Amino acid sequence: MLRNISYNNPKIKKEIEAAIGKPFTLSQRFKMNGIGSSKLWITATSIEIHNLLILDKYNNVCNIEMRPNGIIIGFRSLLESYGLIIPYWKLKIYKGKAEEYSLYCDKHFIKIRAKKDDKSTHKFIKKVINYKVDHLPSQIDDL
């Protein structure tokens with residue numbers, strides 16, 4: 001789900017927490033060696049996100065925040081902050097091109113640039129994938 005998270009709206013906050021959980025505590029953040037990505041350059045998006053990003057002339061960048069049950073991909077358009085809230089069970093991550101990751105959820109997607117020498121991006125995406133695998137509910141086939 002794509003939401004405007006610029007303002008402290010209790011309804012949207014509850015909706016996000018119901019979908020992906022409350023933010024990690026400070027001690028959990030230290031144990032995980034951080035829960036946020038560095039600045040990620042957007043190379044392509046779905047049409048709804050693209051329509052928001054073309055409203056201004058600034059570089060299209062985003063960041064990813066991990067939560068217990070999902071991630072928030074945050075980006076800015078004009079003076080507003082938007083978040084693409086993705087539960088882990090809906091998150092699909094592909095490495096299509098050599099220097100690009102694609103993150104999909106339902107009808108939305110964001111493709112981010114990850115150059116060969118950009119170790120922090122590769123390390124963070126790997127952390128997200130490993131956390132997703134470790135914390136998804138077990139399937140009937142796993143038994």
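What you see is a predicted model, and the numbers here were worked out from it, not measured in a lab.
Under the 4.5 Å side-chain heavy-atom criterion for ILVMFWY residues, no single connected hydrophobic cluster contains both Tyr104 and Leu84. The cluster map of Ile, Leu, Val, Met, Phe, Trp and Tyr, joined by side-chain heavy atoms under 4.5 Å apart, puts Tyr88 and Ile72 in different clusters. Note: the hydrophobic cluster containing Ile5 does not contain Ile35 (ILVMFWY, side chain heavy atoms under 4.5 Å, direct or indirect links).
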For this session: Determine, stepwise, if the pair Lys111 / Tyr94 fulfils side chain to side chain contact (heavy atoms under 4.5 Å, CB included).
Result: CA-CA 9 Å; Lys111 295 184 180 189; Tyr94 299 106; over 6 Å; no
Exercise. Between Ile16 and Arg67, does a side chain to side chain contact (heavy atoms under 4.5 Å, CB included) hold up when you go through it step by step?
Worked result: CA-CA 10 Å; Ile16 292 171; Arg67 293 273 183 108; 3.9 Å; yes
For this session: Mind running side chain to side chain contact (heavy atoms under 4.5 Å, CB included) on Ile71 and Leu103 for me, showing each step along the way?
Result: CA-CA 11 Å; Ile71 63 171; Leu103 297 106; 4.1 Å; yes
For this session: Apply side chain to side chain contact (heavy atoms under 4.5 Å, CB included) to the pair Leu40 and Ile110, showing each step before the final yes or no.
Result: CA-CA 11 Å; Leu40 305 169; Ile110 292 182; over 6 Å; no
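Phe109 approaches Ile49 most closely through the heavy-atom pair O-CD1, 4.0 Å. When all heavy atoms are compared, the tightest approach of Pro23 to Arg29 is CB-NH2, 3.8 Å. Thr121 and Ser38 make their closest contact through OG1-OG, 4.2 Å (heavy atoms, listed as atom of the first residue, atom of the second, distance). Nearest heavy atoms, Leu2 versus Tyr82: CD1-CB, 4.5 Å. The minimum heavy-atom distance between Asn59 and Trp41, with the atom names listed, is CB-CZ3, 3.3 Å. Taking each heavy atom of Leu53 and Thr45 in turn, the nearest pair found is CD1-CG2, 3.8 Å.
The distance from atom CG of Asn60 to atom CD1 of Ile42, rounded to the nearest 0.5 Å, is 5.5 Å. Once rounded to the nearest 0.5 Å, the distance linking CD1 of Ile20 with CG of Asn69 reads 8.0 Å. Note that the OG atom of Ser102 and the NZ atom of Lys95 stand 9.5 Å from one another [nearest 0.5 Å]. Put simply, CD on Glu17 and NZ on Lys22 are 4.5 Å apart, with the number rounded to the nearest 0.5 Å. To the nearest 0.5 Å, atoms CG (Leu52) and CZ (Arg76) are separated by 12.5 Å. Between the CD1 atom of Ile85 and the CD atom of Glu15 there is a distance of 8.0 Å, given to the nearest 0.5 Å.
More than 12 heavy atoms of other residues, nucleotides or ligands sit less than 6.0 Å from atom CG of Leu55.
The shortest side-chain heavy-atom distance between Lys31 and Phe24 does not fall under the 4.5 Å cut-off.
With hydrogens and angles ignored, the 3.5 Å screen pairs a side-chain donor or acceptor of Lys127 with a backbone N or O of Gly34.
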